[in-house]
> 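Quick one: structure below, then a few questions.
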Amino acid sequence: MNPTPKQILVVDDHPLTRKGLCDAIHAQPDLNVCGEAESWHAALELALTLRPDAIVLDLNLKDGNGWTLIEQLKAANAPPPPPILPRGL
């Protein structure tokens with residue numbers, strides 16, 4: 001029996017980085033990209049709608065930072081999933 005893949009939301013404002021992260025996630029049989037966002041505003045909407053198991057989160061976004069997203073999820077009484085903070089990409 002195959003377990004249900006973990007659902008991952010990818011948030012990064014650089015399209016090539018986002019694509020690379022998505023490709024790496026799709027290469028793993030137990031992971032699935034459930035959504036992509038380039039801003040924390042779009043990510044907030046997707047996170048509240050999709051309820052991913054984890055978020056791959058760029059902390060330096062053009063419209064703010066990733067910490068803002070985490071704080072907004074807390075304020076919406078939606079416990080944020082564990083963020084995965086890529087470095088050096």
Side-chain angles (χ1 to χ4, degrees):
M1 182 164 90
N2 291 335
T4 303
K6 297 291 184 188
Q7 301 301 306
I8 311 296
L9 175 61
V10 177
V11 182
D12 197 296
D13 55 349
H14 296 94
L16 289 177
T17 301
R18 208 168 48 248
K19 181 184 180 333
L21 290 167
C22 289
D23 289 349
I25 291 167
H26 282 302
Q28 303 302 313
D30 57 341
L31 301 176
N32 181 57
V33 175
C34 64
E36 298 178 43
E38 65 181 25
S39 70
W40 77 262
H41 288 97
L44 177 62
E45 185 176 324
L46 286 174
L48 292 173
T49 303
L50 300 173
R51 301 292 182 157
D53 295 306
I55 298 176
V56 176
L57 180 59
D58 181 0
L59 292 180
N60 297 311
L61 300 166
K62 290 179 184 175
D63 67 341
N65 65 55
W67 295 117
T68 304
L69 172 62
I70 294 169
E71 291 303 317
Q72 291 296 318
L73 287 169
K74 287 181 185 177
N77 285 328
I84 301 167
L85 310 170
R87 292 179 54 144
L89 295 176

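Numbering starts at 1 and runs along the sequence shown.
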> Distance-only, no hydrogens or angles: does the Asp58 side chain make a donor-acceptor pair with backbone N or O of Leu61 under 3.5 Å?
no
> Considering only heavy atoms from C-beta outward, does the side chain of Leu73 approach that of Ile55 to under 4.5 Å?
yes
> To the nearest 0.5 Å, tell me how far Asp12 CG sits from Thr17 OG1.
5.0 Å
> What pairs of donor and acceptor atoms, side-chain ones from residues 40-49 against any protein atom, are under 3.5 angstrom apart with sequence neighbours left out?
unit_1	atom_1	unit_2	atom_2	d
Trp40	NE1	Asp63	O	3.0
His41	ND1	Asp63	OD2	2.8
Thr49	OG1	Glu45	O	2.9

> My understanding is that only residues two or more places apart in sequence, or in another chain, count here; which of them pass side chain to side chain contact (heavy atoms under 4.5 Å, CB included) with Glu36?
Arg18, Cys22, Val33
> To the nearest 0.5 Å, tell me how far His26 NE2 sits from Ile8 CD1.
10.5 Å
> Which atom names give the shortest non-hydrogen contact between Ser39 and Val11, and what distance separates them?
O-CG1, 4.2 Å
> List for me each residue that meets side chain to side chain contact (heavy atoms under 4.5 Å, CB included) alongside Gln7, sequence neighbours excluded, and say none if there are none.
Pro5, Asn32, Cys34, Asp53
> Of all residues at least two apart in sequence or in a different chain, which pass the salt bridge (charged side-chain N to carboxylate O under 4.0 Å, His left out) check with Lys19?
Asp23
> Asp30: what forms a salt bridge (charged side-chain N to carboxylate O under 4.0 Å, His left out) with it, not counting sequence neighbours?
none
> Does the side chain of Asp13 come within less than 4.5 Å of Asn60's, by heavy atoms?
no
